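What follows is one structure encoded as structure tokens, with my remarks underneath.
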Amino acid sequence: MGGVPALPLDPLLGTLNLVKLSRILLYPIKSLDGLEVPEAEVTALGSLRHDREWALVDADGNFINAKRNENLHRIRASFDPQCATVCLSTLDTPPERFALTTPEPIQAWFDRALGQPVRFIRDTEQGFPDDLEANGPTVVGEASMAEVGSWFGLGIDEIRRRFRTNLEISEAPVFWEDRLATKQGSLVPFHVGKLKLLGVNPCQRCAVPARDTVSGLALPGFQKQFTQRRKETLPSWAEGSRFDHFYRFALNTQIASGQMGKRIRVGDPVSLPGLQA
């Protein structure tokens, strides 16, 4: 019979030659809203430029984040494409735009919004990742987010805002990203376009994903239900030893050495060694 033959499906890889980078999200100010971009550049210390480049800290130098201050959920932030300015607002205050390189006005705004003294700090090369040993971009599949959303009756946009992952992939099976982690002490090399990354471990989650991203109200039983469903749906290709508990979702990575200045772009193929993509 005529026609184009179907591409083979490998449960570890997805449909041959179709797994691709579908979305890039940077979070210029740690714990605030993301910025969707068409491409991103790797810094000298192996992070994506402008991701978690700025952060809020208290008088003792501790990060001010949504785990410690639920009022951050009520703050909206939008950035220009070059990450030169930020527009900040709350439900009770009108938007105000600030230059990100001028910290004093931003600090004063957050002092008022959070009701505590704030310092606005910056690291242009590494940023302020949650995991200093796996400071590369986090990775998740679109199908995985849709699956998790179905457990709670939440749309993929809300799941995206709750879990705050950098790189999304399409045309891959549910929880495909679990394939990119193996036993403790070993790394899984893979490529996004020409950029080489190393899969480290499934990301351990905190209390934040349980909360509505606007109101900050927690969904009762979220962590318990998530843990139960994650255990039930763990794919056969996942390395079971990396799941000391099942409140883990998305992949922590490192960017391999020698990658400074390389760029990734939406539409880049995602490939494992031995797979031409």
Side-chain angles (χ1 to χ4, degrees), residues 9 11 13-15 18-28 30-40 48 51-52 66 72-79 130 136-181 190 192 199 202-235 237-238 246-253 264-270:
L9 181 66
L13 301 174
T15 306
L18 289 183
V19 179
K20 64 182 181 180
L21 180 62
S22 56
R23 192 181 299 258
I24 303 171
L25 288 162
L26 306 177
Y27 295 88
K30 187 178 178 72
S31 298
L32 295 186
D33 294 326
L35 170 68
E36 185 174 350
V37 296
E39 61 182 72
L48 296 183
D51 188 47
R52 279 82 172 183
L72 282 173
H73 289 292
R74 300 178 177 88
I75 293 174
R76 301 274 67 82
S78 60
F79 305 88
D130 289 332
T138 47
V139 179
V140 73
E142 290 180 352
S144 305
M145 291 192 295
E147 172 71 11
V148 170
S150 73
W151 301 344
F152 303 100
L154 299 174
I156 194 169
D157 286 339
E158 177 67 5
I159 294 297
R160 178 177 290 123
R161 290 190 293 267
R162 289 185 184 220
F163 287 95
R164 303 168 57 77
T165 305
N166 293 120
L167 306 182
E168 297 179 15
I169 55 174
S170 63
E171 311 303 331
V174 174
F175 303 131
W176 181 91
E177 62 277 4
D178 288 344
R179 167 66 181 84
L180 303 176
F190 66 103
V192 176
C203 183
Q204 177 172 283
R205 312 313 307 203
C206 64
V208 172
R211 301 179 192 150
D212 183 277
T213 55
V214 175
S215 69
L217 296 176
L219 186 65
F222 180 92
Q223 183 171 340
K224 181 178 180 180
Q225 184 177 345
F226 182 100
T227 299
Q228 178 181 343
R229 296 299 298 272
R230 189 76 163 101
K231 181 178 181 180
E232 293 170 352
T233 58
L234 193 72
W237 57 76
F246 292 89
Y247 194 45
R248 293 181 178 273
F249 182 58
L251 176 81
N252 288 335
T253 75
I264 53 173
R265 295 173 176 84
V266 170
D268 280 348
V270 179

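Because the structure is predicted, anything quoted here is derived from the model rather than measured.
- Listed for the R74 side chain is a donor-acceptor partner under 3.5 Å among the backbone atoms of S215.
- Atom-to-atom distance recorded for T213:OG1 and D157:CG is 9.5 Å, nearest 0.5 angstrom.
- Remark: R230 is positioned above the aromatic ring of F175, its terminal NZ or CZ atom under 6.0 angstrom from the ring centre and at most 45 degrees off the axis.
- E168 places no side-chain N or O within 3.5 Å of a backbone atom of E142 that could act as its donor or acceptor partner.
- Of the possible polar contacts, one joining the T253 side chain to the P137 backbone as a donor-acceptor pair under 3.5 Å is found.
- One finds the CG atom of L26 at 5.5 Å from the CG atom of D51 (value rounded to the nearest 0.5 Å).
- Smallest separation of non-hydrogen atoms from P235 and D178: CD-OD2, 3.7 Å.
- Between L154 and R161, every side-chain heavy-atom pair lies at or beyond the 4.5 Å cut-off.
- For D33, the side-chain hydrogen bond (donor to acceptor under 3.5 Å, both in side chains) test picks out R76, with sequence neighbours left out.
- Scanning both residues, P28 and F79, for their nearest heavy atoms gives CB-CE2, 3.6 Å.
- L21 contributes atom CG, which lies 6.0 Å from atom CG of D268 (distance to the nearest 0.5 angstrom).
- The backbone N or O of L32 sits less than 3.5 Å from a side-chain atom of R164, completing a donor-acceptor pair.
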Verdict with reasoning, K30 to L72, per side chain to side chain contact (heavy atoms under 4.5 Å, CB included): CA-CA 11 Å; K30 187 178 178 72; L72 282 173; over 6 Å; no
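- G267 and K20 get closest at one heavy-atom pair: O-CB, 4.1 Å.
- By the 4.5 Å heavy-atom criterion applied to side chains, T233 and V174 are not counted as neighbours.
- Looking at N252, its side chain never comes within 3.5 Å of a backbone N or O of P202 through a donor-acceptor pair.
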Intermediate values then yes/no, side chain to side chain contact (heavy atoms under 4.5 Å, CB included), I24 and V266: CA-CA 7 Å; I24 303 171; V266 170; 4.1 Å; yes
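- Of the possible donor and acceptor atoms, none in the side chain of R229 sits under 3.5 Å from a partner among the backbone N and O of E147.
- Expressed to the nearest 0.5 Å, how far CG of L167 lies from CG of L48 amounts to 6.0 Å.
- Between E36 and R23 a salt bridge is recorded (basic side-chain N to carboxylate O distance below 4.0 Å).
- The backbone N or O of V208 sits nowhere less than 3.5 Å from a side-chain atom of R162 that would complete a donor-acceptor pair.
- The minimum heavy-atom distance between V270 and V192, with the atom names listed, is CG2-CG2, 4.3 Å.
- The shortest distance between side-chain heavy atoms of V140 and F163 does not fall below 4.5 Å.
- Minimum interatomic distance between E171 and V19 (heavy atoms only, all atoms of both residues): O-CG2, 3.5 Å.
- Note that CG of L234 and CZ of F246 are 5.5 Å apart. Values are rounded to the nearest 0.5 Å.
- For the atom pair L180 CG and I169 CD1, the distance stands at 7.0 Å (nearest 0.5 Å).
- At least one side-chain heavy atom of L25 sits under 4.5 Å from a side-chain heavy atom of R160.
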Scan the side chains in residues 219-228 for donor-acceptor partners under 3.5 Å anywhere in the protein, sequence neighbours excluded, and list what turns up.
residue : atom : partner : partner atom : Å
Q225    : NE2  : W151    : O            : 2.8
T227    : OG1  : Q223    : O            : 2.8
Q228    : NE2  : E232    : OE2          : 3.2

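- Nearest heavy-atom pair across A143 and P173 is CB-C, 4.3 Å.
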